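Written out below as structure tokens is the structure these notes cover.
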Amino acid sequence: MAAAAQLTDEELFSELRRFGLSPGPVTESTRPVYLKKLKKLREDERAGARGSANKTRNSNNNNTGAGAAPGEGGGGRAAPGMGARLASPDQPYLPGGAGGGSRSRAAPPAGGGKVLLGFSSDESDVEASPRSQAGAGGGSNSSRRERASPPVRGLRPAASHGACSERNSFPPEAARRKPSAWWGAVARRPTATAGAQTQDMREPGEGGEDDEEEERQWKNRTVNGNRHPSLGGRAEYSDSEEEGERAKQQVLKEETAARQHRGRRSLSKSAGPFTASKCAAAGPGMMETGQQRAGGGGGAGVIAMNDRAEAAAAGSLDRGRNEEEAAVTSGGDCENLDTSPSTPRYRSTSSKNSPPLLVLPQPTDMDSSKISDPLGTVRKAANNHVLSGAAGGFNIEPRIYSATNSLPLGAATPSSLRINHSNHTGANHTYLKNTYKQKLSEPEEELLQQFKREEISTTGGFSAHYLSMFLLTAACLFFLILGLMYVRMRGSGVAEHGEVNSKYEIKINKKLILLGDHDCGNSIQRNLSVQETAAYLKSLGPEYEKVLNTALQWIMSRGEDVGIKCIGNDPNEELNNVTDVKYLESTRPQMSFRCRFRRAFITVTHRLSILLLGIGMVWGVLHYMKYRWTKEEEETRQMYDMVVKIIDALRSHNEACQENKDLQPYMPIPHVCDSLIPPQDRKKMKKVWNRAVDFLAANESRVRTETRRIGGTDFLVWRWIQPSAACDKILVIPSKVWQGQAFHLDRRNSPPNSLTPCLKIRNMFDPVMEIGDHWHLAIQEAILEKCSDNDGIVHIAVDKNSREGCVYVKCLSPEYAGKAFKALHGSWFDGKLVTVKYLRLDRYHHRFPQALTCNTPLKPSNKHMNSMSHLRLRTGTTNSQGSS
Amino acid sequence: MSSTSQKHRDFVAEPMGEKPVGSLAGIGDVLGKKLADKGFDKAYVVLGQFLVLKKDEELFREWLKDTCGANAKQSRDCSGCLREWCDAFL
């Protein structure tokens with residue numbers, strides 16, 4: 001065999017040809033490569049002659065153009081490459097290559113460690129961390145537990161009944177799980193059927209147990225690659241808000257939580273036979289589980305609340321009993337089973353729950369004495385689990401919201417509790433069950449009543465309550481009496497005087513006091529004429545006649561007010577003589593109570609109205625000022641937006657000028673205005689524009705205002721005077737465009753069927769980074785354009801304040817939602833990886849009631865499809881106008 | 001499933017024009033300098049080499065490793081990037 005180094009180019013060429021290769025030109029640079037290849041081919045030949053198939057295969061793996069193993073790195077994209085290679089003749093490795101090219105993620109172990117290692121490192125960094133995490137988890141289970149990661153990886157000591165019950169229930173559960181679970185459960189099914197079911201304590205929460213068992217089986221396998229992809233897949237598309245380990249933990253926590261929830265749902269669906277087997281296993285196994293779950297943590301706060309509620313319920317019912325027993329008791333029920341053993345767990349995890357999750361336990365702390373409430377909450381929380389399990393759920397906050405909503409409702413669902421407990425087939429602890437039930441029904445009603453009244457009364461006792469009420473009524477009465485007295489005082493005043501004549505005056509007074517009634521009776525006449533007085537006095541008694549004059553004189557002589565006023569013909573005239581007196585008027589009329597009250601009431605009302613008027617005026621002024629202030633702020637913001645736009649326009653114009661020397665380096669101001677503001681807004685934005693212009697003139701140093709003559713007219717122009725950077729032109733980062741798909745959607749990372757017609761799309765935007773008013777419209781447009789083939793979208797809502805960049809979409813039916821899911825999930829948008837989840841329809845309506853009536857499909861507003869421009873490029877068009 | 005880097009996407013999104021060799025996926029500063037020293041200062045030159053090797057990724061990777069000492073991942077990224085570019089534009 002000729003030494004490789006001495007081959008000429010032509011000889012090298014022909015040697016390679018002999019091996020079936022179709023080499024390119026052998027030039028300076030390609031020569032060493034081809035030499036190497038020739039060497040390898042020759043070795044293979046020798047090895048093949050010796051008959052080592054493995055080596056051949058391996059070396060063929062490396063050498064031949066098929067490149068199966070590295071071809072995998074291209075994944076789906078290898079297909080055209082594969083086609084090209086396959087086209088070249090003499091490919092001995094054709095079947096292997098094809099198999100390699102189409103090899104999916106679940107690489108069979110036969111591939112050999114080398115291939116799999118290459119495969120896993122082929123992935124992006126997102127994969128690497130879950131791999132390391134999984135590796136760490138596999139290595140140190142206990143430490144993972146302490147880190148509040150899902151207890152999924154815990155290896156538990158064997159408990160026989162746990163194992164056998166699990167075996168019993170596994171197949172039915174498998175069947176049940178199929179439609180409901182989608183995060184990897186389906187993919188795991190085939191791997192989970194392999195034996196090793198030696199360990200296992202069943203996790204409370206069938207879903208968690210099931211996954212745990214499957215995960216353990218994975219661990220039994222030595223193939224790492226099997227596990228990683230789904231993990232990575234999960235991590236990639238699931239909602240991880242933080243980076244690194246913590247995110248994955250949380251993700252996995254949520255997943256197991258969701259899985260547990262789903263498990264619960266499937267549990268509740270088939271209560272009977274399953275609970276029998278479960279409860280059989282429940283008894284002794286439960287304690288250990290509980291112990292070992294310390295640190296495990298259910299993850300979601302709802303679970304924690306559920307546990308706590310359960311603990312409270314159990315504790316308050318059977319205080320003297322062993323907690324575990326009580327846990328088991330209530331654990332006979334399907335749902336309670338999941339949470340009861342976690343009572344010891346809760347203690348250790350409560351501190352680990354993230355702050356928003358801690359909100360939940362506190363309300364339940366307050367109601368620790370109430371039985372019905374936590375139980376009702378359990379019921380509701382279980383329902384919440386069902387919901388979240390079914391749909392993948394909202395994130396934590398809506399769960400909290402709904403769970404706390406259930407707190408007041410908890411009182412109203414005693415019947416559901418009874419139903420719950422009627423499902424009790426535990427039967428080991430019937431005594432406990434009965435007492436529990438009885439206690440429930442009797443004090444139930446009373447507790448409900450109490451709860452309905454108020455929450456505070458229990459702690460302080462009844463005395464406090466009554467005391468406060470008493471004080472309140474006393475104060476009211478006091479004021480009432482005061483007012484009445486005041487009102488009555490007005491009319492009382494029969495002044496007693498020591499004079500003889502006063503007796504008669506008293507009579508006159510009395511008569512005149514009657515005048516007060518006239519006043520209220522809307523009688524015009526307030527005065528009593530002298531004649532009438534005389535007549536009245538005569539009617540009282542004959543002796544009164546004479547004294548009338550003396551009485552009048554006495555009254556007049558008295559400087560002070562005796563209750564009678566003498567009035568002459570003219571009310572304002574001064575009276576000197578008795579004969580001038582024509583009328584007598586009472587200054588202190590005694591009016592009836594009703595009259596008095598009316599007067600008082602009218603006075604009070606008048607005063608109140610004046611007061612209210614004053615307050616109203618002040619409030620109005622404040623409101624107006626506030627309105628003005630917000631308007632001011634809005635305008636300032638608009639002004640800044642405009643300034644930013646102008647600067648951008650000028651800068652880009654400047655750059656364009658750099659390249660194209662024909663353009664003038666300045667832009668007339670009116671032209672800029674007209675190009676930035678659409679015609680219909682010009683009038684509105686005139687003020688904003690002017691402010692922007694002034695701002696630029698005063699504050700922007702990179703822009704200079706000049707006057708130029710353009711086309712015969714003088715224009716004020718702007719000139720950008722910042723020299724551009726000397727580096728290469730920065731690639732324009734496209735904004736708000738779809739940038740392709742990160743991964744192909746397959747069974748493992750998407751649900752097999754669409755569950756609901758509502759979607760929650762995450763990571764579409766960053767609320768902090770968005771500027772302007774209408775970016776949410778751009779987001780909506782982008783979504784519509786991406787799903788332009790799907791005419792089933794009826795409602796889109798962009799949650800502008802969400803940290804995660806959430807957009808909610810409702811479709812006509814689950815199929816449309818599935819289509820949209822496929823189009824959106826895993827796509828890159830504006831540099832962010834978009835993920836999609838299903839939501840429950842009623843939750844969606846609860847949050848967006850306006851979506852109830854929407855049923856017209858939405859379409860993108862224009863045909864430009866701006867957000868798809870980058871994707872269009874990738875399909876091979878040579879249109880390089882990659883503008884966003 | 002393989003996810004692509006931003007660099008890859010940016011490169012494949014448009015004709016490479018006069019882009020420097022550092023704009024290829026997998027080629028950073030160090031490798032870029034090495035390639036430039038060998039005369040491959042623009043991305044199209046590396047493309048030329050790729051085409052001369054008849055768009056054979058394996059061979060290209062070998063070549064890249066020999067020329068600038070790229071490791072497996074870098075060379076894989078680069079070859080994938082070029083191949084996709086060719087699929088899109090060639």
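Note: hydrogens, waters and symmetry copies are ignored here, and every other heavy atom, side chains too, is used. Worth saying up front: this structure is predicted, and the values here are computed from it rather than measured. In what follows, chains carry the letters A, B, and so on, assigned in the order in which the sequence lines appear, proteins first and then strands, with residues in each chain numbered from 1.
Using a 4.0 Å cut-off between charged side-chain N and carboxylate O, B/Glu62 and A/Lys37 make no salt bridge.
Shown here is B/Lys65, whose NZ atom has no more than 12 heavy atoms of other residues, nucleotides or ligands within 6.0 Å. Within 6.0 Å of the NZ atom in A/Lys822, the count of heavy atoms belonging to other residues, nucleotides or ligands does not exceed 12. Residue B/Lys33 places its NZ atom among 12 or fewer non-hydrogen atoms of other residues, nucleotides or ligands, all under 6.0 Å distant.
Only the side chain of B/Gln49 comes within less than 4.5 Å of a heavy atom of chain A; its backbone N, CA, C and O stay farther away.
When B/Leu90, B/Leu51, B/Asp66, B/Thr67 are compared by the number of non-hydrogen pairs under 4.5 Å with chain A, B/Asp66 comes out ahead.
Between A/Tyr34 and B/Leu59, some side-chain heavy-atom pair lies under the 4.5 Å cut-off.
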